[in-house]
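Numbering of ligands and ligand atoms starts at 1, following listing order.
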Amino acid sequence: MIDIHTHILHNCDDGSESLEISIKQITNMIDNGVTDIVLTPHYLNSYVQTDALIIDKQFKELTKTTADLKVNLHKGGEIFLNPGIDDKIINKELCIGDTSYILVETNMGEFTPDIYETLFNLVKMGLRPILAHPERYNYIINDPALAEDFLHRNVFLQVNAGSILGLYGSKIAKTAWYIIDNGFAHFVASDNHCKTDEYFLPLAKEAIRDNIDNYTADLLTSVNPQRMLNNEKIKYFYLEKQKIEKKGFFEKFLRKL
Ligand SMILES: [Fe+2]
């Protein structure tokens, strides 16, 4: 498994509070079958101020300290979609590793002003935005069809493991499953804030396997994350609608490679 959304980088944001906590979490993730971890501290978020230079410094320290562990760490950020943010993302600042993929977030309550224009500007810059935890935003909870709209705008969607498991409540769980079941999710990640020793990504993967299929479980936790790290293209839409005749017409979604 590859975890593309974590707050394990120490002393950056509201995640890990020490190098020791980070190492403990990383060791636990390795024991749970994780090979690659993307470190995504909040960035340009007015509630959690983080400096890009601090992220860089902490990343170098954590990478050096964990050099003997069997895991690859990748630098990134969770960029808050303030209007005008595209002017601040210079030289692909805080894109994931050496890729064009960039993890972004917005307000839980209302979308940030000009969110679609801001995303469009990022796409025009050649970046590939991944919207973090769409299932947690009120706009999408109230109208889940808005999730599909992001795919038409060249934005990928990353669902949180905890949402799938009901850790944020039933409405968010329902929205998360709607997004996954309709083929609108491209990634599932932990969004691990180091507040517990429990690691939920394997449990979420198992739940997807049980409720949907093996293919989707692997696609969202391993296959697409690896494509992303390789900076390869990922399909926005990967389900195919097919009409099947059976006492009239009805539509069924088929999962496709
Ligand atoms: Fe996050």
Side-chain angles (χ1 to χ4, degrees), residues 1-17 21-22 25-26 28-29 34 36-52 54-55 58-59 62 73-82 85 89 93-97 99 101-109 111-112 115 118-119 122 127-141 147 150 155-169 172-173 175-176 179 185-196 198-201 203-204 220-221 224-225 228-229:
M1 279 180 297
I2 296 171
D3 196 340
I4 74 153
H5 182 171
T6 69
H7 297 269
I8 290 174
L9 197 57
H10 54 300
N11 302 324
C12 279
D13 60 0
D14 55 348
S16 169
E17 289 173 7
I21 290 174
S22 300
Q25 291 282 339
I26 290 170
N28 185 20
M29 289 165 77
V34 173
D36 293 72
I37 302 172
V38 183
L39 304 157
T40 54
H42 293 288
Y43 186 62
L44 301 178
N45 183 326
S46 53
Y47 298 105
V48 191
Q49 297 287 350
T50 314
D51 192 288
I54 292 176
I55 294 174
Q58 306 299 76
F59 178 72
L62 187 60
L73 301 183
H74 307 268
K75 195 176 76 165
E78 184 176 10
I79 322 291
F80 199 85
L81 283 171
N82 289 309
I85 188 188
I89 307 297
E93 188 178 0
L94 295 184
C95 278
I96 295 172
T99 76
Y101 289 90
I102 186 165
L103 187 71
V104 297
E105 66 171 331
T106 183
N107 284 324
M108 294 298 170
F111 280 166
T112 44
I115 181 175
T118 308
L119 284 167
L122 293 178
L127 303 184
R128 294 160 168 161
I130 302 168
L131 183 64
H133 40 63
E135 74 283 359
R136 296 186 63 196
Y137 303 122
N138 280 342
Y139 268 25
I140 297 182
I141 293 169
F150 281 100
V155 175
F156 297 97
L157 300 182
Q158 174 262 305
V159 170
N160 274 10
S163 302
I164 292 172
L165 300 170
L167 302 185
Y168 305 95
I172 290 175
T175 311
I179 291 171
H186 305 90
F187 307 94
V188 171
S190 71
D191 197 4
N192 182 354
H193 275 71
C194 305
K195 302 302 179 216
T196 166
E198 255 190 290
Y199 181 57
F200 296 107
L201 191 55
L203 294 175
L220 302 182
T221 60
N224 276 347
M228 187 270 291
L229 289 177

Self-check item: Nearest atoms (heavy-atom pairs only) where Ile85 meets Phe80
Solution: CD1-O, 3.0 Å

Self-check item: Which N, O or S atom of Asp191 lies nearest to the Fe ion (ligand 1), by name
Solution: OD1

Quiz item: When the ring planes of Phe187 and Phe156 are compared, do they come out parallel, tilted or perpendicular, using 30° and 60° as the limits?
Solution: perpendicular

Self-check item: Of all N/O/S atoms in His7, the name of the one nearest the Fe ion (ligand 1)
Solution: NE2

Self-check item: Ala147 to Ile179 - nearest heavy-atom pair and separation
Solution: CB-CG1, 3.9 Å

Quiz prompt | Minimum heavy-atom distance Ala132-His5, with the two atoms named | solution = CB-CE1, 3.7 Å

Practice problem: Looking only at N, O or S atoms, find the one in Glu78 nearest to the Fe ion (ligand 1) and name it. | Solution: OE1

Practice problem: Decide, counting backbone as well as side-chain atoms, whether His193 has an N, O or S atom less than 2.8 Å from the Fe ion (ligand 1). | Solution: no

